[in-house]
Amino acid sequence: MMTAKYRKRTEGEEAEMSIQGAVRIGAALAVLAAAPAPAAPSAARTATVRITRAGGQTEEKARALEETAKNVYRLKIPIREISRDIETIDAVFDAATARKGETGYFVVSTGLLGTFREETGRLEERRNPLPIFGMKNPHGTFVGIVKGLKYEFATVVDVKNGTYEIFPRFFIRAMRVDPYEDLIVDFHMLEGDDANYAGMARAYRAYQLGRGEVRPLRERSKGNPQLAYTADTMFVRVKHGTKNNKAKIEHQVPANEPPLAVAHTFDDLMRIMRGLKALGVEKVEMCSVGWNSGGFDGRFPTLFPADRAFGGDAKLREAIDCAHGLGYQIVCHVCNTDFYTVSDRFDERDLAQQPDGSPCPGGVLAGGRVFHPCFQRVCDAYVDEDYRRLTEFGFKGTFHIDVTSCITPYPCFNPRHPRNRQQTADDMNRIGEKVRAAFGGFGSEGPCDHVARTLDYALYVTAYPKWLGRPNALAERIIPLWQLVYHGIILSNPYYATIDYNYPRKSGSEPYTWLDQPTRRLKLYEFGGRPTFYFHPYTDLQPIKEAYDEYRPMKRLQYEFMEAHDEIAPDVFRTTYSDGSEVVCNYSRQPFAYRGEAVPALDYKLVRPTVLNRTARTLGL
C-alpha cells in the first residue's frame with residue numbers, strides 16, 4: 001500500500017526504474033517518511049546538594065539527575081551516603097531560582113503563593129500538608145515531589161540580594177536514628193497548560209492515584225452508604241462541655257479535678273436535631289463532641305461512660321436513636337494523640353518516648369498535661385475495644401479523630417515499640433482502616449496527607465493566620481493547592497474561618513474570625529468546601545437551614561476533581577471542575593460579566609457545563 005502511494009507520487013521516475021527497484025526504493029522511503037524525526041536530546045538537569053555537618057562544615061556539589069520519565073528528573077541519595085553526623089541536606093533544583101522583578105511565583109504546600117518582589121526574606125514550613133513545592137519563572141515551571149524521607153524535611157524559600165531559591169531541607173541529625181529509606185525528590189518540569197500551580201497539583205494527584213495511595217470519592221462511595229451520606233450532607237458538630245482548667249493543673253485526681261462546664265446536654269443535642277428537621281433540613285451529619293467521660297479533652301484515653309453531666313449512657317443512646325429516627329447520620333469525636341494521667345487507662349508503658357527515655361509531653365489542656373502515646377500501642381491496645389462499644393451505641397458515619405491529620409507523624413524511641421515517622425504514619429492509617437470498617441468513614445482535623453490513604457474528610461485545610469499557614473512577607477495569598485490535589489477524593493472545609501460560615505461574628509486576627517462575613521461564604525465555594533458548623537451555641541438554627549438550601553445545587557461537585565483555578569479579572573476567581581462546571585467568585589464591589597451572565601458583587605455563580613463542554617471532555621478534547 002505504501003509503495004503504491006509512493007509510485008503515484010513519482011511517475012516521472014517510474015519509467016527509469018524496474019518494478020523491483022521501485023518497490024525497494026519506495027518501501028525504504030515510506031519507512032523513512034513514517035519514522036518520527038529524531039528527538040532532541042533532553043537537557044541534562046542538575047540539583048545542587050548542600051550538606052551541613054554537625055560541626056558546621058558545609059559541602060556543596062552539583063549532582064546530575066536521572067530522567068525517570070519524560071520531563072521528570074530524580075535526585076536520589078542512598079541511605080549509605082547519609083551518615084548521622086549530617087545536620088541538614090538541601091536539594092536545590094536548577095530551575096528553582098528566580099530574580100526579584102521576574103514574572104512568576106513560588107508555591108508551598110500550605111497553599112501560600114508569593115511573587116518575586118522582595119530583596120530579602122525567608123519562609124520555612126516544617127509541617128508540610130503535602131510533600132510538594134513548586135515554582136514558575138521565566139525559564140520554566142516545575143513541581144518537586146518528595147518521595148523518600150518525606151516526613152523529615154522543611155520547605156524553605158530563601159531570598160538574598162533579590163535572588164529567590166525554593167528547596168527542601170532534610171533534618172538528618174534530628175532524626176536521632178539512621179535514615180530508614182533513601183532520600184528521593186522527583187522534579188517534574190511542566191509545560192503548556194500544565195505550567196501553573198494547578199498543573200503542579202495535578203501532577204501530584206496523578207502520582208497519588210497512579211500508585212493506588214488514594215481512590216476517588218465516587219469510587220469509594222459505591223457500596224458504602226455511610227460515606228455516600230457524608231458526601232451528600234453538611235456537618236454539624238455539637239460540643240457538650242469541657243473542664244475549666246484555668247489553674248493549669250497538670251496531674252489531676254478526683255480531689256483537684258476542675259469542674260465540668262456544660263454547654264449542651266444530650267437533651268440539647270436532640271432539641272437541635274429536631275429543630276433542624278422542623279426547618280426542613282432533611283439530611284445532615286451530626287457529631288457529638290466531648291460526649292465522653294470528663295468532657296472535651298477530659299480524660300483520654302478513657303472514653304466511657306458518657307459523662308453524667310450531659311445525661312450519661314442512656315441519654316446518649318436516646319440521642320443517637322433520635323438522630324436515626326430523623327433520617328440523620330450521627331458520629332462522635334475522639335482523640336488519639338493526647339493521654340492524661342487522670343485517665344484510669346493511663347499506662348506510661350504505652351507512651352511515645354524521646355531519645356533520652358523521657359515521655360513526649362504536650363501542653364496543659366482541660367485534662368491536664370498531655371502525654372503523646374505511641375500510635376502502634378493506640379492501634380493495637382486501645383481502639384478495637386473502643387470501636388466495639390461505640391458501634392454498640394449506634395454511631396455510624398464519618399467518625400472524627402481529632403489532631404491525627406493535623407500533625408507530622410512523630411517518632412517513638414520507646415524500646416518496647418520503637419517507630420520512625422513512616423511507621424507512625426502506617427499505624428495512623430491502620431487506625432483509619434479500622435475506623436472505616438467500623439463506622440463507614442474516617443474524618444480528622446487537618447490536611448496532612450500521611451493519612452490520605454484512609455481519610456475521607458478534613459475539618460479544615462488551613463488555620464491561617466495562626467497555624468497550618470502563617471503570615472510571611474514573602475507570601476501574598478492562599479490558593480486551593482490542597483483542593484486541586486484532593487477535591488473529589490477527600491471532602492474538606494477550606495478554612496478554620498469558614499466553619500459556621502454564615503453565622504454573623506466580628507472579624508479579627510484569630511483563625512476563626514480572620515475573614516469577613518462575605519469572604520467566608522465566597523471562600524467556602526471558591527475552594528469547594530463542605531459546609532461545617534461547630535462553634536455556635538445553636539440558639540438560632542436558621543443559618544444552617546439557609547446553608548442547607550445554598551449547598552443543595554453545589555454538593556454534586558464533591559465527586560468531581562478540581563482541575564483549574566485562576567484569577568480571571570482583578571478580585572474575580574474561577575474554579576473549574578472535571579465535569580466542566582465552573583464556580584466564579586466575585587470579591588469585587590462591581591458586578592462581573594461571565595459567559596453572558598452577571599456575577600453580582602461579593603457573590604458567586606455556578607456555571608453548569610454545556611452539552612458541548614461535556615462532549616469535548618468525553619472525547620478528551
Side-chain angles (χ1 to χ4, degrees), residues 35-49 61-78 89-99 102-109 113 115-116 128 130-150 153 155-157 164-168 170 182-214 449 479-482 484-486 489 561-566 576 578 617 620-621:
S42 298
R45 310 300 307 224
T46 62
T48 299
V49 176
K61 182 179 180 181
R63 294 180 69 131
L65 304 181
E66 176 191 2
E67 188 171 10
T68 59
K70 184 180 179 182
N71 291 333
V72 180
Y73 303 89
R74 171 165 293 181
L75 170 67
K76 178 178 177 180
I77 303 179
I89 299 176
D90 300 344
V92 186
F93 186 43
D94 59 21
T97 62
R99 288 288 301 165
E102 289 185 329
T103 58
Y105 48 78
F106 69 83
V107 173
V108 299
S109 72
L113 176 150
T115 58
F116 309 125
N128 297 284
L130 311 166
I132 69 174
F133 56 95
M135 179 179 280
K136 179 181 178 69
N137 60 41
H139 317 293
T141 303
F142 83 93
V143 62
I145 302 177
V146 179
K147 296 182 176 178
L149 297 181
K150 62 183 177 181
F153 81 99
T155 302
V156 178
V157 181
Y164 280 70
E165 284 187 341
I166 185 169
F167 57 89
F170 295 85
D182 297 336
L183 186 160
I184 297 174
V185 187
D186 280 356
F187 299 97
H188 295 240
M189 293 301 300
L190 305 173
E191 300 175 342
D193 292 341
D194 290 324
N196 48 52
Y197 58 77
M200 298 175 192
R202 290 193 299 266
Y204 181 59
R205 185 213 300 158
Y207 166 68
Q208 290 286 77
L209 288 168
R211 69 192 185 113
E213 183 70 4
V214 296
D449 83 338
I479 59 170
L481 186 71
W482 189 93
L484 284 159
V485 174
Y486 284 126
I489 298 172
F561 295 148
M562 186 183 289
E563 295 291 1
H565 176 269
D566 48 356
T576 305
S578 53
R617 287 184 177 275
L621 301 177

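Starting from 1, each residue takes its place in the sequence as its number.
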Take Tyr73 and His188 through the side-chain hydrogen bond (donor to acceptor under 3.5 Å, both in side chains) test and state the conclusion after the steps. CA-CA 6 Å; Tyr73 303 89; His188 295 240; over 6 Å; no
Strictly distance-based, threshold 3.5 Å: is any side-chain N or O of [X] a donor or acceptor partner for the main-chain N or O of [Y]?
| X | Y | result |
| --- | --- | --- |
| Asn137 | Thr97 | yes |
| Lys136 | Tyr197 | no |
| Asp90 | Val49 | no |
| Asn128 | Leu130 | no |

Could you give the distance from [atom1] ([X]) to [atom2] ([Y]), rounded to the nearest 0.5 Å?
| X | Y | atom1 | atom2 | answer |
| --- | --- | --- | --- | --- |
| Asp182 | Arg74 | CG | CZ | 9.5 Å |
| Leu65 | Asp94 | CG | CG | 7.0 Å |
| Leu75 | Arg45 | CG | CZ | 13.5 Å |
| Thr46 | Phe187 | OG1 | CZ | 10.0 Å |
| Met135 | Tyr164 | CE | OH | 9.0 Å |

Non-hydrogen side-chain atoms of [X] and [Y] separated by less than 4.5 Å:
| X | Y | value |
| --- | --- | --- |
| Val185 | Ile145 | no |
| Leu190 | Val143 | yes |
| Asn196 | Tyr105 | yes |
| Val146 | Ile184 | no |
| Val107 | Ile166 | no |
| Lys147 | Pro131 | no |

Nearest heavy-atom pair of [X] and [Y]: which atoms, and what distance?
| X | Y | answer |
| --- | --- | --- |
| Phe167 | Glu165 | CE2-OE1, 3.7 Å |
| Ala198 | Leu484 | CA-CD1, 3.9 Å |
| Thr103 | Phe116 | O-CE1, 3.7 Å |
| Phe133 | Pro168 | CZ-CD, 3.4 Å |

Can you check whether Phe142 and Phe93 have ring centres sitting under 6.0 Å from each other?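 Aromatic pair counts; centres sit under 6.0 Å.
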Any carboxylate oxygen within less than 4.0 angstrom of a Lys/Arg side-chain nitrogen, looking at Arg205 and Glu563?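 Between Glu563 and Arg205 there is a salt bridge, with a charged N closer than 4.0 Å to a carboxylate O.
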Counting only heavy atoms from other residues, nucleotides and ligands, does the tally under 6.0 Å from NZ of Lys76 exceed 12?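 Counting neighbours around NZ of Lys76, 12 or fewer heavy atoms of other residues, nucleotides or ligands fall under 6.0 Å, so no.
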Going by distance alone, is a donor N or O of one side chain under 3.5 Å from an acceptor N or O of the other, for Tyr486 and Gln208?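 A pair is found: one side chain offers a donor N or O, the other an acceptor, under 3.5 Å apart.
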State whether a side-chain donor-acceptor pair under 3.5 Å links Asp449 with Tyr204.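 The criterion, which ignores hydrogens and geometry beyond distance, is satisfied for Tyr204 and Asp449.
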Show your working on side-chain contact (heavy atoms from CB on, under 4.5 Å) between Phe106 and Thr155 and close with a plain yes or no. CA-CA 11 Å; Phe106 69 83; Thr155 302; over 6 Å; no
Decide yes or no on side-chain contact (heavy atoms from CB on, under 4.5 Å) for Val108 and Val157, but give the supporting numbers first. CA-CA 9 Å; Val108 299; Val157 181; 4.0 Å; yes
Could you go through Thr141 and Met189, starting from their C-alpha distance and side-chain angles, then the distance that decides it, and tell me whether this counts as side-chain contact (heavy atoms from CB on, under 4.5 Å)? CA-CA 6 Å; Thr141 303; Met189 293 301 300; over 6 Å; no
